[in-house]
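Owing to the predicted nature of the structure, the values given are computational and were not obtained by experimental measurement. Excluded from the calculations below are hydrogen atoms, water molecules and symmetry mates; all remaining heavy atoms, backbone and side chain alike, are included.
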Amino acid sequence: MNVDEVKKMLADLESDRAERTISTTDTNKFAEAICSFSNDLPNHQKPGYLFVGVTNDGLPSGVEVSDQLLQNLAAIRDQGNVIPLPRMNVEKVLIDGTPIAVVEVFPSDLPPVRYKGRVHIRVGPRRGIASEAEERALSERRAHTLRTWDARPCVEAMIDDLQLDVFLTTYRSVAVDRRVIEENGRSIELQLAALRCYDLKAQRPTNAGVLLFGKDPQSFYPGAYVQTVRYAGTDSATEVRQERRITGDFLTMLRALDEISEDRANAKPIATSSTAETIAYAYPPKAMHELLVNAIIHRSYDGGTTPVQFNEYADRIEILNPGGLYPDLTPESFSQMTAYRNPVLAEA
C-alpha cells in the first residue's frame, strides 16, 4: 500500500472509502466495515480502507500492532460470516514512525455482500444497513460484472421451475438475518436475486438457482448428477457389484451422498485398553463429506455431460469431477491461492 495514499485517506474525515477505529478487538465492527466496502454502494470501483489503531480525527493512537492482530484481521475473510468471500489485503503501515493496521478491501464482483445475513453499506462517513432499494441497486449492478457461470441467468428456466418452498424453508432461513426476514415485504424474485439465485434483468433464475432449488436440474444440465460404482476388484474391468445414479437438487444430492459416506465408512471398534475402545474408519465420513461436497461445487457444469464419478475399488476410493484447476490457479500455487469456479454454489 502507498503510504502517501494512506495518509491522504486518514486525513479525509468525510470519505466513504475510509473507516477509523482505535479498537483492536471489535471483530464485529471490523467485519461490518469490510462488508460495507465490499458492497461499494457509491460505485467508486476503488478499494475502501479500514484503519485499526487510529483515532476519529485520523491520528495513530499508538496501540501495539502485533502479528496476532494482523492474523485476526486477515482471518475475517475466511470465517464464513462475510459472504461472498471478500477480496482484501492486510498490512502494518508506519505513519510518521507510529504503526497502524490497514485493511484494504476491494469492491465485490458479486454484490450484495452480507455479514451474518445483513447487507452493510457506507453512505458518506456513515455505515448502515442497506434498504430494499439499495439492495436491489447492488443486485442489478452485478449484471454488468458477472464473470462466473453459476451467477449467469439460465435462459431456458423460469421461476416456476424452482422449488420455492425449499428456498424459503432451508437456504433463506440461514443465509438472511431473521430481522430482515421479519421486515420483508419483497417479492420472491427480489429475495432470490439478493442471494444471487435470480437475474432481475433477464427475469430468469441463475444457473446456481436452478442447481440449488430446481425441480429437475438435470433437464437443464444433463451432467449434473453423481454416478457411484462399487467394483469387486482393484480396477474398472472387474465385476460391478453396485451402481447408482444420484440426481435432484443439491440438497437432495448431498443428503444421498452423506448416506453413502456413512455406508462406506466401515466403522469398527478398536480396543484402546482393557476397558475402553474407539471407533476407527476405513473412510472417515467427515472427510468423505468434504470431498464429495467439493466435487459437486467446484466441477465444471458449462457445456459438458460428464457426471461426478464416485468409484469404490477393493483397495481405494476415487472421486472424479469434470474440469481442471480454475484459470488463476496452477499446481504450484494451489496451496497458497484460492479461486472459485462457482462462487455462488460455494457460498450456498
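Hydrophobic clustering, defined by side-chain heavy atoms of Ile, Leu, Val, Met, Phe, Trp and Tyr closer than 4.5 Å, leaves L320 isolated from every other such residue. Its side chain outside the 4.5 Å cluster rule for every partner, L94 clusters with none of the Ile, Leu, Val, Met, Phe, Trp and Tyr residues. Cluster partners of Y281 are I279, counting Ile, Leu, Val, Met, Phe, Trp and Tyr whose side-chain heavy atoms approach within less than 4.5 Å, directly or via other members.
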Test log, rule side-chain contact (heavy atoms from CB on, under 4.5 Å), inputs D16 and R126: CA-CA 7 Å; D16 54 9; R126 178 184 64 83; over 6 Å; no
Full working for salt bridge (charged side-chain N to carboxylate O under 4.0 Å, His left out) between D161 and R204: CA-CA 10 Å; D161 292 309; R204 292 287 190 275; over 6 Å; no
Steps toward side chain to side chain donor-acceptor pair (under 3.5 Å) verdict (E189, Y198): CA-CA 7 Å; E189 290 86 355; Y198 192 81; 4.9 Å; no
L164 vs V166, side-chain contact (heavy atoms from CB on, under 4.5 Å): CA-CA, chis, key distance, verdict: CA-CA 5 Å; L164 298 179; V166 174; over 6 Å; no
side-chain contact (heavy atoms from CB on, under 4.5 Å) assessment of K286 paired with E290: CA-CA 6 Å; K286 287 185 178 180; E290 182 73 10; over 6 Å; no
Candidate pair D40 and R17, rule salt bridge (charged side-chain N to carboxylate O under 4.0 Å, His left out), full reasoning: CA-CA 8 Å; D40 185 27; R17 291 179 52 217; over 6 Å; no
Worked verdict on E19 versus R122 for salt bridge (charged side-chain N to carboxylate O under 4.0 Å, His left out): CA-CA 10 Å; E19 180 160 341; R122 287 194 71 85; 2.6 Å; yes
Step-by-step side-chain contact (heavy atoms from CB on, under 4.5 Å) determination, D263 to R230: CA-CA 12 Å; D263 181 59; R230 177 181 282 181; 3.4 Å; yes
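We find the OG1-CG distance between T148 and N207 to be 9.0 Å, quoted to the nearest 0.5 Å. Summarising the geometry, atom CD1 belonging to I181 is positioned 9.0 Å from atom CZ belonging to R178; distances are rounded to the nearest 0.5 Å. In this structure, the separation between CG on L70 and OG1 on T24 is 11.0 Å, given to the nearest 0.5 Å. In this structure, CD1 in I246 is found 3.5 Å from CD1 in I260, a value given to the nearest 0.5 Å. Atom OG1 in T27 sits 9.5 Å away from atom CD1 in I34 (nearest 0.5 Å). With rounding to the nearest 0.5 Å, the separation of CD in E91 from CG in L73 is 12.5 Å.
With contacts defined as side-chain heavy-atom distances shorter than 4.5 Å, the pair R87/S108 does not qualify. In this structure, F167 and L212 have side chains that are not in contact, with every pair of non-hydrogen atoms separated by 4.5 Å or more. Between I317 and L291, every side-chain heavy-atom pair lies at or beyond the 4.5 Å cut-off. Residues V103 and N89 form no side-chain contact, since every pair of their non-hydrogen atoms from C-beta on lies 4.5 Å or further apart. When side chains are defined from C-beta on, L292 does not count as touching D258, because their heavy atoms never get closer than 4.5 Å. Under the 4.5 Å side-chain criterion, counting only non-hydrogen atoms from C-beta, L190 is in contact with E132. Inter-residue side-chain proximity for V93 and I95 is flagged as met; some heavy-atom pair is nearer than 4.5 Å. Between K29 and R127, some side-chain heavy-atom pair lies under the 4.5 Å cut-off.
Side-chain N or O atoms of D235 include one that pairs as donor or acceptor with a backbone N or O of A237 at under 3.5 Å. Panel note: side chain R77, backbone L85; no donor-acceptor pair is recorded below 3.5 Å. A donor-acceptor pair is defined here as one N or O able to donate and one able to accept, closer than 3.5 Å; no such pair exists between the side chain of T252 and the backbone of G248. With hydrogens and angles ignored, the 3.5 Å screen pairs a side-chain donor or acceptor of Q203 with a backbone N or O of L200. Within the 3.5 Å criterion, the main-chain N or O of P285 finds no donor-acceptor partner in the side chain of S261. When atom types are taken as modelled, the side chain of T206 and the backbone of R196 share a donor-acceptor pair closer than 3.5 angstrom. Remark: the backbone N or O of I121 is not paired with any side-chain donor or acceptor of S36 at under 3.5 angstrom.
Within the structure, side chain to side chain donor-acceptor pair (under 3.5 Å) contacts touching residues 64-74 (residues at least two apart or in different chains) are Q68-N72. Residue pairs meeting the ring pair (Phe, Tyr, Trp, His ring centres under 6.0 Å) criterion with at least one partner in residues 5-42, sequence neighbours excluded, are absent. Counting only residues at least two apart or on different chains, no ring pair (Phe, Tyr, Trp, His ring centres under 6.0 Å) pair has a member in residues 247-277.
Every residue two or more places apart in sequence or in another chain that forms a salt bridge (charged side-chain N to carboxylate O under 4.0 Å, His left out) with D177 is listed here: R179. In this view, E134 satisfies the salt bridge (charged side-chain N to carboxylate O under 4.0 Å, His left out) rule with no residue, not counting sequence neighbours. With sequence neighbours left out, Y231 forms a ring pair (Phe, Tyr, Trp, His ring centres under 6.0 Å) with Y313. The ring pair (Phe, Tyr, Trp, His ring centres under 6.0 Å) test applied to F106 returns no partner, not counting sequence neighbours.
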Pairs of donor and acceptor atoms involving the side chains of residues 112-120, under 3.5 Å and at least two apart or interchain, shall be tabulated with distances.
residue : atom : partner : partner atom : Å
R114    : NH1  : A194    : O            : 2.9
R114    : NH2  : E135    : OE1          : 3.0
Y115    : OH   : N28     : OD1          : 2.4

List, one per line, each side-chain donor-acceptor pair under 3.5 Å for residues 297-310, sequence neighbours excluded.
residue : atom : partner : partner atom : Å
R299    : NH1  : G223    : O            : 2.6
R299    : NH1  : T306    : O            : 3.1
R299    : NH2  : T306    : O            : 2.9
Y301    : OH   : I296    : O            : 2.4

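For the residue pair D150 and V344, the shortest heavy atom distance occurs at OD2-N, 2.7 Å.
A single hydrophobic cluster is not seen to contain both I76 and I83; linkage of ILVMFWY side chains at heavy-atom distances under 4.5 Å, directly or through other members, places them apart. Grouping the Ile, Leu, Val, Met, Phe, Trp and Tyr side chains by contacts below 4.5 angstrom, directly or via other members, places Y221 with L345. One hydrophobic cluster holds both L69 and V90 under the rule that ILVMFWY side chains link at heavy-atom gaps under 4.5 Å.
R20 forms no cation-pi arrangement with F51, by the criterion of a distance under 6.0 Å to the ring centre and an angle within 45° of the ring axis.
When the shell of 6.0 Å around CG of N56 is examined, it contains 12 or fewer heavy atoms from other residues, nucleotides or ligands.
Side-chain contact, Q163 with D249: a donor N or O sits under 3.5 Å from an acceptor N or O. A donor-acceptor contact closer than 3.5 angstrom is absent between the side chains of Y225 and Q218.
Under 4.0 Å is where a charged nitrogen must lie from a carboxylate oxygen, and between R316 and E318 at least one such pair does.
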